Q: 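Input: one structure, supplied below.
Lettering follows sequence order; numbering is per chain, from 1. On a predicted model such as this, the values are computed, not experimentally measured, just so you know.
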2 protein chains.
Amino acid sequence: MSVTIKDVAKILHVSHTTVSRALNDSPLINPETKKRILETAKQLNYVPNYSARSLVRNRSYNIGLFFSTMSQVTSPGFFYETVRGVNSVITESYNLVVNGIDRYADVRTLDKRRFDGIILMSQSEKDDALVSHAVEKQIPLVVLNRKVADTSIVNVLSADRQGAYNAVVHLIEHGHTHIAIIEGEKGFQATIERKEGFLTALRDNHIEIPDEYIAEGHYTMESGYTAMKQLLRAAHPPTAVFALNDEMAVGAMKALYEAGLRIPEDLSVIGFDDSQFSSFITPSLSTVRRAIAEVGSTGAKKLMSIINNGDSTGEKIYIDTELIQRDSVGPAPKR
Amino acid sequence: MSVTIKDVAKILHVSHTTVSRALNDSPLINPETKKRILETAKQLNYVPNYSARSLVRNRSYNIGLFFSTMSQVTSPGFFYETVRGVNSVITESYNLVVNGIDRYADVRTLDKRRFDGIILMSQSEKDDALVSHAVEKQIPLVVLNRKVADTSIVNVLSADRQGAYNAVVHLIEHGHTHIAIIEGEKGFQATIERKEGFLTALRDNHIEIPDEYIAEGHYTMESGYTAMKQLLRAAHPPTAVFALNDEMAVGAMKALYEAGLRIPEDLSVIGFDDSQFSSFITPSLSTVRRAIAEVGSTGAKKLMSIINNGDSTGEKIYIDTELIQRDSVGPAPKR
DNA sequence: ACAAGGGTTGTGAACGTGTGCATTTTGTAC
DNA sequence: GTACAAAATGCACACGTTCACAACCCTTGT
């Protein structure tokens, strides 16, 4: 059926061992015979049988990229960037297997022999079952996006706190001193980090934040809309709003639009995430871009080094964010 | 190291063959011993070695999902929906391997033993190299999104023509008779299909279309913007515009906004694709949603049936689109 | 008691590749 | 030419599983 190393061997009157050595450029082979072998292998269109190779080498050549769930990922852009980042560093001899971990009935069937290593884009604490399983079974693992307690594993995270800090400084540099925040879902790591950055930036610049400048949100457009309405009812309405993600920023903009306020002349808005739509809305939305693809690629690089070199010192790596300046932020209006 | 069927066999004083039979629920086994074996297998946390199984069964248990390229996919939403759709029908025993075919130096290294079947989300004619290779090597193949000449292979396509037809009928039902089109990149299959639907709808309703209602576009926001400006300079400007994708629709809306025209009071706009941002802009954009996830899932089902049942009659399957009604379409203004 | 036959289990080879060790060939120095 | 080392090659087994075939046990009918 398909051509094997034995077929190549037979043609050249050598043993299959020699052919094997030629294909793996072993030092134990005459360069000339090696050349001959490689030539006829190519000519015969030889392709190694990965199953056989995997069996004897005890390597699957599969890298698992798992999301908490496949049916409700954070956002399409988030998903795409992650896959793209990881994919860019995985070499041709490896297969990148993408799945949601909720698709596996039992994480314990995830075997070292089925995956040489696992990259987990974690969005929920439920993933900890997989994490501890991998640790126990000594499957090389890198966790992206969500900080995990175990210090022995590699964690790649977006520096959301610093990004939020920069966003708020950006507002301050435009003269704003009345800056409100629309928070995200309570308890989420992202919410905590981003709010922390917000508060620190204000503190560093000696700006106080009254309670009425803090509005609740749930990362949805609707919640941003109602939050903004609430903020506008404040005794001294803010001149700038920092929404913890872009969806809420859009909701806030809708509320401002309805209230007859202009952006950014009357009020500046800045979001977080740089969602795809941010550049399409009017005015285009200033925001903070998380380098998701870079999170994926550095995670993948780390994983490959763990697999190949066996270095498994856990660490936490932070990937810088980028401030995206568009049209929704302007100078603070005179009072 | 890890537990094999021989380990299980040794404990129960049976042969490894018996264990194998138990695990594959073969009829050639006593239900009672089978039960005993399954129990201890579970207890030992036995996981089958896929490499070994693959080797002897000549099956990789890998399904390849290939995009033309990974670095510049049509849109994040498109990518995500595709993967999600395919993933939803792939069972746990299979690995879904995602990649761009440009990552493979030579498509001929794509082997039947490495992939039991391939799903190709095709966006370019360059993919034909892979198609013909798969046909030649008899690798089960399903091509999504792009019509391919070879009638022997399964093709799953979005019914763009019918979707465009419905969109235009939707405008006509709102009383519009002066309807313009912003075209997409010349030569693209999608452009041809959508324009065809547009023209047929007008013809069926005895509406003429003057040349000045046909504007060129390139699927970008900028091109939609300039196209709209051109359309507004017409002797009798249209009351409705059909943009062949959402990006161009947004560009058109920006041009209308600058011209002081209201949407949909003065002019209605409808797009195509239901991009993520369509619901976030103001006014929210009416559009046509392609059921990408369904394209993926039906393609995957077809592939699995080819793999398992060997039925390989080529066919072209069209997946219906869905008209998404939002706020950018209203009744035609009185003249 | 014995043959027939169904049900259940075991034996041994095979899948394609890599590797430790033995063997042969080549090269070098005397 | 011989001795020895180094280089190159071959042999045989291993990896974990499946499968064809043989072997065994037990029931049933004569």
Side-chain angles (χ1 to χ4, degrees), chain A residues 1-38 40-41 44-62 93-95 109 111-116 308, chain B residues 1-38 40-41 44-62 93-95 109 111-116 308:
Chain A
M1 180 75 193
S2 32
V3 32
T4 74
I5 54 172
K6 292 191 180 177
D7 298 327
V8 179
K10 193 167 289 176
I11 290 182
L12 294 176
H13 303 292
V14 295
S15 77
H16 74 277
T17 310
T18 308
V19 177
S20 172
R21 278 197 266 260
L23 295 169
N24 295 303
D25 39 49
S26 149
L28 308 172
I29 194 174
N30 187 324
E32 198 180 326
T33 51
K34 175 176 168 179
K35 191 175 156 229
R36 268 169 48 224
I37 290 173
L38 289 183
T40 54
L44 293 181
N45 237 312
Y46 167 78
V47 177
N49 184 322
Y50 277 77
S51 305
R53 180 177 284 180
S54 294
L55 178 59
V56 57
R57 286 202 189 152
N58 203 23
R59 285 262 206 124
S60 65
Y61 295 97
N62 285 153
S93 51
Y94 281 89
N95 289 323
T109 63
D111 192 85
K112 190 173 190 170
R113 291 174 315 209
R114 187 162 178 188
F115 294 105
D116 290 349
N308 295 321
Chain B
M1 179 75 195
S2 33
V3 31
T4 74
I5 53 172
K6 291 191 179 177
D7 298 328
V8 180
K10 195 167 287 178
I11 291 182
L12 293 176
H13 303 292
V14 294
S15 76
H16 68 278
T17 310
T18 309
V19 177
S20 173
R21 278 196 267 259
L23 294 169
N24 296 302
D25 40 52
S26 149
L28 307 173
I29 193 176
N30 187 324
E32 200 180 324
T33 50
K34 174 177 167 178
K35 191 174 157 230
R36 271 171 45 225
I37 290 173
L38 290 183
T40 53
L44 293 180
N45 238 314
Y46 166 77
V47 177
N49 183 322
Y50 277 76
S51 306
R53 179 177 286 180
S54 294
L55 179 58
V56 57
R57 285 204 190 152
N58 203 21
R59 285 257 209 131
S60 65
Y61 295 95
N62 285 153
S93 50
Y94 281 89
N95 289 323
T109 62
D111 193 85
K112 189 172 191 170
R113 292 174 314 210
R114 188 163 178 187
F115 294 104
D116 291 348
N308 295 320

Q: Reckon B:T33 touches a base, only the sugar-phosphate, or nothing at all at heavy-atom distances under 4.0 Å?
A: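 Sugar-phosphate contact only.
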Q: Within the structure, does a side-chain N or O atom of B:T4 lie under 4.0 Å from either OP1 or OP2 of D:dG16?
A: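 Result: no.
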Q: Using whole Å, what does the distance between atom P of nucleotide D:dT17 and atom CG of B:N24 come to?
A: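 Between P of D:dT17 and CG of B:N24: 10 Å.
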Q: Please report, to 0.1 Å, the donor-acceptor pairs under 3.5 Å made by any side chain of residues 48-55 of chain A, with sequence neighbours excluded.
A:
residue: A:N49; atom: OD1; partner: A:S51; partner atom: N; Å: 2.8
residue: A:N49; atom: OD1; partner: A:A52; partner atom: N; Å: 3.1
residue: A:Y50; atom: OH; partner: B:R114; partner atom: NH1; Å: 3.2
residue: A:S54; atom: OG; partner: A:Y50; partner atom: O; Å: 2.7
residue: A:S54; atom: OG; partner: A:R59; partner atom: O; Å: 2.9

Q: Rounded to the nearest angstrom, tell me the gap between atom NE2 in A:H16 and atom C1' in D:dA14.
A: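 Checked: the NE2 to C1' distance equals 11 Å.
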Q: How close or far is atom C1' of D:dC19 from atom CG of B:N58, stated in whole angstroms?
A: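 Computing the B:N58:CG to D:dC19:C1' distance gives 14 Å.
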Q: Hey, does A:S2 have a side-chain heavy atom less than 4.5 Å from the side chain of B:K112?
A: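 Result no, sub-4.5 Å side-chain heavy-atom pair not found.
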Q: Under 3.5 Å between N/O atoms: give me all the protein pairs with nucleotides 20-24 of chain D, atom names plus distance.
A:
none

Q: So A:Y50, base contact, sugar-phosphate only, or nothing? Heavy-atom distance under 4.0 Å.
A: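 Touches nothing.
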Q: Rounded to the Å, how far apart are A:D111 CG and D:dT17 P?
A: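 Atom-to-atom, A:D111 to D:dT17, this comes out as 10 Å.
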Q: Tell me the bend of the helix from C:dA1-D:dT30 to C:dC30-D:dG1 as the angle between end helix axes, each from five pairs, rounded to the nearest 10 degrees.
A: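 One end's axis against the other's: 50°.
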Q: Please tell me which of the listed nucleotides, D:dG16, D:dG10, D:dT18, lies nearest to the side chain of B:A52?
A: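 Closest of the options to the side chain of B:A52: D:dG16.
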Q: Would you be so kind as to tabulate the donor-acceptor pairs closer than 3.5 Å made by side chains of residues 6-14 of chain A, with sequence neighbours excluded?
A:
residue: A:D7; atom: OD2; partner: A:T4; partner atom: N; Å: 2.8

Q: Looking at A:L38 and A:A22, what are the two nearest heavy atoms and their distance?
A: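 Result for this residue pair: CD2-O, 4.0 Å.
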Q: For B:R57 and for A:P31, locate the closest nucleotide of DNA chain D by heavy-atom distance; then report the residue assigned to the nucleotide nearer the 5' terminus.
A: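 Result: A:P31.
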Q: For residues B:L28 and B:R21, report the shortest heavy-atom separation together with the two atoms involved.
A: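 What the structure gives for the nearest pair is O-CD, 3.5 Å.
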Q: On DNA chain D, nearest-nucleotide positions of B:R53 versus A:P27: which is more 5'?
A: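 On the 5' side of the pair lies A:P27.
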Q: Does A:I29 reach a base, just sugar-phosphate, or nothing at all? Heavy atoms under 4.0 Å.
A: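 Sugar-phosphate: the residue A:I29, judged by heavy atoms under 4.0 Å, touches backbone atoms but no base.
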Q: Which heavy atom of B:A41 sits nearest to which heavy atom of B:L23, and what is that distance?
A: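 Shortest heavy-atom separation between B:A41 and B:L23 comes out as CB-CD2, 4.4 Å.
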Q: Which atom pair, heavy atoms only, marks the closest approach of A:N45 to A:V3?
A: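 Scanning both residues, the minimum pair turns out to be O-CG1, 3.9 Å.
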Q: Output the rounded distance in Å from CD1 (A:I37) to C1' (D:dG10).
A: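 About 12 Å, once rounded to whole Å.
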Q: Can you tell me how far P of D:dA14 sits from CG of B:L55, to the nearest Å?
A: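 For the pair B:L55 CG and D:dA14 P, the rounded distance is 17 Å.
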Q: Ignoring hydrogens, what is the shortest heavy-atom contact between A:N62 and A:Y94? Give both atom names and the distance.
A: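 Scanning both residues, the minimum pair turns out to be N-CD2, 4.4 Å.
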Q: In this structure, how many angstroms lie between the P atom of D:dC19 and the CG atom of B:D25, rounded?
A: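 In whole Å, D:dC19 P and B:D25 CG are 13 Å from each other.
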Q: Walking along DNA chain C from 5' to 3', note the first and the last nucleotide with an atom under 4.0 Å from a heavy atom of chain B, and give both.
A: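 Boundary nucleotides touching chain B, in 5' to 3' order, are C:dT8 to C:dG16.
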Q: Does B:N95 reach the side chain of A:N95, with side-chain heavy atoms less than 4.5 Å apart?
A: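 Result no, sub-4.5 Å side-chain heavy-atom pair not found.
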Q: Would you please say whether a donor-acceptor pair under 3.5 Å links the side chains of B:T17 and B:S20?
A: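 Absent: no donor and acceptor within the cut-off.
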Q: On a heavy-atom basis, which atom in B:D116 and which in B:S60 lie closest, and how many Å separate them?
A: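 Nearest heavy atoms, B:D116 then B:S60: OD1-N, 2.7 Å.
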Q: Provide, to the nearest angstrom, the distance between the NZ atom belonging to A:K35 and the P atom belonging to D:dA8.
A: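 Result: 16 Å.
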Q: According to side-chain hydrogen bond (donor to acceptor under 3.5 Å, both in side chains), who are the partners of A:Y61, at least two apart in sequence or on a separate chain?
A: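 Residues passing side-chain hydrogen bond (donor to acceptor under 3.5 Å, both in side chains) with A:Y61: A:R57.
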